[in-house]
Amino acid sequence: MPHLESPYIPMPSSAKDDSYGIIPKAEELTLVKSLGTSKFSVFVAQSNDTNSNFAIKLFQFSGPKLNPYYCNEKRFAEISHKNIITMVDTVDKTEIVINQNIIRGSYILYEYAPLGNFHDIIYQEKLKFDEKLARTFFHHLISGLSYLH
């Protein structure tokens with residue numbers, strides 16, 4: 001059983017091919033850091049083989065059933081657009097150890113955005129935010145929203 005306090009995180013036993021190549025298995029991923037804990041924990045995970053980074057969001061079960069928030073987010077797994085973060089993989093049922101507690105839950109493996117979310121990017125003090133960059137961001141934002149609707 002994988003332990004989150006160790007450098008490994010659980011992954012599906014069967015890997016699939018997509019634009020990320022072979023999705024790494026648990027023993028091929030290392031937790032790099034926590035991206036935060038609000039309602040659900042999110043971590044950066046790195047593939048030991050390719051050094052590719054992913055974000056992983058963990059969902060604890062609500063009683064014996066899958067977490068409804070996981071089920072809601074999983075519905076969007078097939079969305080594919082260059083301006084929307086990609087869900088690389090989803091795992092419905094797994095056991096995870098966090099702080100010596102066994103947590104039954106699910107997770108979603110996401111494409112990693114190293115610069116953070118849109119809010120983080122536009123409020124970076126290092127970023128020279130001129131009219132051309134504002135137009136580019138606005139175009140990307142509208143393109144992604146248009147795809148979703």
Side-chain angles (χ1 to χ4, degrees), residues 1-124 127 133 136-149:
M1 183 180 325
H3 295 264
L4 280 181
E5 58 262 16
S6 77
Y8 299 108
I9 51 178
M11 293 296 298
S13 57
S14 62
K16 64 180 182 180
D17 285 307
D18 64 8
S19 61
Y20 294 92
I22 301 293
I23 305 301
K25 296 178 184 178
E27 60 274 8
E28 299 165 346
L29 282 176
T30 302
L31 283 181
V32 177
K33 66 178 178 177
S34 172
L35 288 176
T37 55
S38 54
K39 191 164 185 97
F40 305 102
S41 299
V42 181
F43 298 92
V44 175
Q46 186 176 61
S47 167
N48 296 333
D49 291 337
T50 65
N51 289 332
S52 300
N53 287 330
F54 300 92
I56 185 168
K57 188 173 187 178
L58 307 173
F59 299 84
Q60 190 171 352
F61 286 167
S62 299
K65 298 182 181 179
L66 295 177
N67 188 298
Y69 291 101
Y70 167 77
C71 295
N72 184 53
E73 283 193 40
K74 183 181 174 180
R75 295 180 309 135
F76 302 105
E78 299 303 316
I79 289 177
S80 178
H81 188 274
K82 66 181 182 177
N83 299 116
I84 299 172
I85 295 292
T86 301
M87 284 186 198
V88 177
D89 202 6
T90 61
V91 173
D92 290 346
K93 295 181 181 181
T94 191
E95 289 186 346
I96 304 162
V97 177
I98 300 176
N99 298 327
Q100 300 179 353
N101 296 316
I102 297 174
I103 307 295
R104 294 185 65 234
S106 310
Y107 67 85
I108 299 176
L109 193 66
Y110 291 94
E111 164 188 15
Y112 177 62
L115 296 178
N117 62 33
F118 186 66
H119 179 270
D120 295 340
I121 292 170
I122 62 174
Y123 284 102
Q124 285 182 7
L127 184 65
L133 184 58
T136 301
F137 280 165
F138 185 74
H139 174 75
H140 291 183
L141 183 64
I142 296 303
S143 176
L145 285 173
S146 176
Y147 174 81
L148 291 173
H149 295 278

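Just so it is clear, the values below take in all heavy atoms, side chains as well, and ignore hydrogens, waters and symmetry mates.
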Worksheet item: Phe40: what forms a ring pair (Phe, Tyr, Trp, His ring centres under 6.0 Å) with it, not counting sequence neighbours?
Response: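 Checked Phe40 against ring pair (Phe, Tyr, Trp, His ring centres under 6.0 Å); matches are Phe59, Tyr69.
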
[atom1]/[X] to [atom2]/[Y] distance, rounded to the nearest 0.5 angstrom?
X	Y	atom1	atom2	value
Phe54	Asp89	CZ	CG	9.5 Å
Ile108	Asp92	CD1	CG	9.5 Å
Leu133	Ile121	CG	CD1	9.5 Å

Practice prompt. Taking all non-hydrogen atoms of both residues into account, name the closest pair between Tyr112 and Leu35 and its distance.
Written response: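 Residues Tyr112 and Leu35, closest heavy atoms: CE1-CD1, 4.3 Å.
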
Worksheet item: Do you know which two heavy atoms are closest between Phe43 and Ser34, and how far apart they sit?
Response: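 Between these two residues, the closest heavy atoms are CD2-CA, 3.7 Å.
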
Practice prompt. With sequence neighbours excluded, give me every salt bridge (Lys or Arg N to Asp or Glu O under 4.0 Å) pair touching residues 52-61.
Written response: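 The answer is Lys57-Glu73.
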
[X]: side chain to side chain contact (heavy atoms under 4.5 Å, CB included) partners, not counting sequence neighbours:
X	answer
Ile142	Phe138
Lys82	none
His81	Asn83, Ile84, Ser143, Tyr147
Thr50	Ser47, Ser52

Taking the side chain as every heavy atom from C-beta outward, state whether [X] and [Y] have any atom pair closer than 4.5 Å.
X	Y	value
Lys93	Leu66	yes
Ile56	Tyr110	no
Asn48	Gln46	no
Met87	Phe76	yes

Practice prompt. With sequence neighbours excluded, tell me which residues meet side chain to side chain donor-acceptor pair (under 3.5 Å) with Asn72.
Written response: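 Side chain to side chain donor-acceptor pair (under 3.5 Å) list for Asn72, sorted by chain: Arg75.
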
Fill in: Results of salt bridge (charged side-chain N to carboxylate O under 4.0 Å, His left out) for Asp49 - residues two or more places apart only
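For Asp49 there are no salt bridge (charged side-chain N to carboxylate O under 4.0 Å, His left out) partners, ignoring immediate neighbours.
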
Which side-chain N or O atoms in residues 113-120 pair as donor and acceptor under 3.5 Å with protein atoms at least two apart or in another chain?
unit_1: Asn117; atom_1: OD1; unit_2: His119; atom_2: N; d: 3.1
unit_1: Asn117; atom_1: OD1; unit_2: Asp120; atom_2: N; d: 2.8
unit_1: Asp120; atom_1: OD2; unit_2: Asn117; atom_2: N; d: 3.4

